Amino acid sequence: MSNALEIQNLCKSYPGFKLDSVSFALPMGKIMGFVGQNGAGKTTTIRTILNMATRDSGEVHVFGLDNIADELAIKQELGAVFDEIFFVDSWRIREVEKVVRGFYRGWDTALFAQFLDEFELTTGKRVRELSRGMKMKLMLAVAMSHGAKLLILDEPTSGLDPVARDELLDILQRYISDGERSVFFSTHITSDLERVAEYITVIEHGKIFYTGTKDGLLDHFLIIRGDRSALTADLTGQIIGAATTSVGFTGMIRASDATGLPPGLETVTPTIDEILVHISKGGINKHA
Amino acid sequence: MRRIWNATKLDFYTGRSYLIMGAAVGLVLAGAIGLVAKIPEIGMILMIVLAVFFGGYVFSMHERNHSDRLYGLLPLRKSEMIIGRYLYTLIIGVAATVASGLMGWIISRVQGSPMDPVVFWGVLAVAFLYYFFATGIAFPIYFKFTFSKAYIFTMVPLYIVMLLGMLLVRNNVKNGIQNAISLIQQVQSFFTDNFYLIPLIGILGSAVFLVVSGVVSTVIYTRKEI
């Protein structure tokens with residue numbers, strides 16, 4: 001299976017922050033969720049993919065092409081949606097098309113009209129008159145009307161109400177249904193990923209904590225709960241992000257460490273949310 | 001070339017509201033002042049000063065609307081975006097100069113005293129030069145910093161011109177008013193004999209400002225993360 005997006009050992013430093021040897025690959029025809037806390041490096045990674053930020057080292061390939069050397073060719077095939085709309089707020093929707101279509105060889109006016117119709121966007125409306133959900137749909141309509149084979153979305157669902165989020169996720173699922181288009185989707189709303197993402201990459205403090213299938217991620221870790229007395233020194237060393245109370249503890253371990261656990265401990269498959277929370281806690285977090 | 005023209009078009013759509021406002025304010029205000037003062041030259045120069053002011057607002061509009069993300073996404077090189085922006089300002093500069101010339105001509109006709117062709121073309125050439133001198137200084141500053149932070153510094157060209165004017169006046173007053181009049185007469189006589197030099201100086205001087213500024217902007221912006 002070829003990759004729509006492939007990143008190898010990507011490094012990028014800012015004062016107080018560093019993307020540290022980030023590597024992952026998004027197979028063609030799939031949706032990958034890119035998750036991490038605020039400030040973990042999601043937006044920096046996306047900005048580097050789009051060559052809005054210059055990488056210090058490493059490689060970024062989109063459809064096998066280098067993102068800097070072949071930037072123009074890549075951007076013909078790539079669409080993006082950000083958390084904030086990037087069209088001028090005084091433009092009418094028909095003007096958005098007039099401005100953008102000239103840049104894309106594959107722009108399809110009929111398809112754009114079809115998306116506007118489907119998303120209930122009227123061409124006479126100004127950008128500033130649109131709700132947040134509608135703005136998101138407008139960015140998606142533009143991204144999908146020039147034949148983009150890779151959609152990059154940076155926190156597209158933040159600030160959307162549940163209905164708008166649901167609609168957006170439906171659109172993304174339909175978008176990849178032909179198997180030739182892919183979506184790279186950064187978010188910290190993990191329930192969205194549970195629904196649509198087949199692949200997940202978890203980033204924490206600029207480093208990739210996990211990359212692979214969603215099922216693999218869920219199989220990779222276990223939530224463990226038990227009496228405080230069962231929290232031995234050996235077990236403490238294995239736990240990621242433990243939280244203790246006066247009577248018990250809860251934490252996360254790697255599934256491979258689950259053999260040989262003391263009896264009486266309860267283990268359950270975590271949700272993506274729980275995995276993120278435990279990763280962010282890192283060490284032992286004591287509560288009285 | 002198609003991408004550059006599209007970038008220029010994008011700028012026109014972005015700055016359109018300010019351009020319309022600028023044209024309206026320019027024609028009314030500069031025209032009125034020129035008429036009231038009975039000095040068409042003042043209206044002509046004011047028209048250009050306002051064109052510089054309103055033309056630069058495209059940076060403000062882009063900044064307010066997160067256009068850096070749009071530019072990061074479009075299949076467009078940074079250098080092409082910059083050339084597109086300079087093409088945008090060139091078109092505005094030419095349009096404003098034409099409007100300024102028409103205004104001067106109309107005001108002088110209304111007043112019934114046609115302007116001396118040397119003065120008329122001289123004012124237009126100076127106005128054209130000022131436009132590109134001012135935008136030539138302002139644009140690299142806008143590309144380096146944000147419009148909101150840098151706006152105050154883009155008034156520098158106006159201050160420089162005013163300062164030079166004051167120095168010239170003070171120097172002439174010291175040397176006697178007769179010398180100043182004599183100097184003006186000499187200049188006027190030179191350009192009457194070499195009329196073709198007036199537009200040539202305006203166009204060539206503007207082109208120099210534009211090219212130097214464009215190169216500086218390109219160096220600044222291509223190194224900048226958007």
Side-chain angles (χ1 to χ4, degrees), chain A residues 12-14 43-44 46-56 67-68 70-92 94-107 126-128 135 139 142-143 146-148 150-154, chain B residues 1-22 24 54-85 87-88 91 143 146-147 218-226:
Chain A
K12 172 73 189 170
S13 294
Y14 290 112
T43 298
T44 303
I46 287 175
R47 282 167 47 79
T48 313
I49 294 168
L50 294 172
N51 199 25
M52 293 164 77
T54 317
R55 63 187 185 228
D56 295 340
N67 77 320
I68 297 174
D70 304 303
E71 184 179 1
L72 294 185
I74 286 172
K75 286 183 175 174
Q76 286 288 346
E77 306 276 316
L78 187 150
V81 172
F82 295 97
D83 55 343
E84 291 278 355
I85 196 155
F86 41 70
F87 300 122
V88 175
D89 61 3
S90 59
W91 288 350
R92 293 181 194 279
R94 75 171 77 92
E95 290 166 346
V96 170
E97 192 202 1
K98 278 184 190 167
V99 169
V100 170
R101 70 180 172 203
F103 288 99
Y104 293 104
R105 287 193 299 267
W107 183 266
R126 290 189 191 277
V127 170
R128 62 167 163 258
K135 285 176 180 169
M139 285 192 280
V142 169
H146 63 86
L150 171 64
L151 275 189
I152 294 181
L153 300 97
D154 189 13
Chain B
M1 190 60 205
R2 184 166 163 251
R3 288 194 298 267
I4 292 171
W5 178 243
N6 282 326
T8 304
K9 201 168 103 179
L10 194 160
D11 282 338
F12 270 106
Y13 272 97
T14 303
R16 191 178 47 187
S17 55
Y18 279 101
L19 292 181
I20 293 168
M21 193 195 304
F54 284 101
Y57 261 92
V58 69
F59 284 91
S60 169
M61 291 294 285
H62 279 308
E63 199 177 306
R64 281 197 339 234
N65 291 283
H66 311 285
S67 298
D68 51 339
R69 292 172 179 185
L70 179 60
Y71 283 117
L73 182 60
L74 290 171
L76 179 72
R77 289 189 185 92
K78 285 179 174 177
S79 56
E80 292 168 337
M81 177 269 211
I82 290 168
I83 297 170
R85 184 71 49 87
L87 187 57
Y88 165 83
I91 292 169
F143 278 117
T146 56
F147 180 88
T218 306
V219 170
I220 288 170
Y221 196 67
T222 49
R223 291 177 182 180
K224 187 179 174 181
E225 292 194 348
I226 55 176

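Residue numbering restarts at 1 for every chain, and letters A, B, ... go by the order of the sequence lines. None of these values were measured; they are calculated from a predicted model.
- At distances below 3.5 Å, not a single donor-acceptor pair connects side-chain atoms of K98(A) with backbone N or O atoms of K9(B).
- With a 4.5 angstrom heavy-atom cutoff, R47(A) touches chain B only via side-chain atoms.
- Residues R2(B) and G102(A) approach most closely at NH2-O, 3.0 Å, considering heavy atoms.
- Both the backbone and the side chain of R77(B) have a heavy atom closer than 4.5 Å to some heavy atom of chain A.
- Of all non-hydrogen atoms in M61(B) and V88(A), the two that sit nearest each other are CE-CG1, 3.8 Å.
- Contact annotation for N51(A): neither backbone nor side-chain heavy atoms come within less than 4.5 Å of a heavy atom of chain B.
- Of all heavy-atom pairs between L72(A) and L76(B), the closest is CD2-N, 3.3 Å.
- One finds the CZ atom of F87(A) at 13.0 Å from the NE2 atom of H66(B) (value rounded to the nearest 0.5 Å).
- Across all non-hydrogen atoms, the minimal contact from F103(A) to P75(B) is O-CG, 3.4 Å.
- Residue T54(A) is tested with K224(B), E225(B), R223(B) for a side-chain contact (heavy atoms from CB on, under 4.5 Å); the sole match is E225(B).
- Nearest approach of Y13(B) to W91(A), heavy atoms of both residues: O-NE1, 3.1 Å.
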Which donor-acceptor pairs under 3.5 Å do the side chains of residues 77-86 of chain A make with protein atoms, sequence neighbours left out?
residue, atom, partner, partner atom, Å
D83(A), OD1, R69(B), NH1, 3.1

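- Contacts of T14(B) with chain A are made by both backbone and side-chain atoms, with heavy-atom separations under 4.5 Å.
- Here the shortest heavy-atom pairing between G72(B) and K75(A) reads O-NZ, 2.5 Å.
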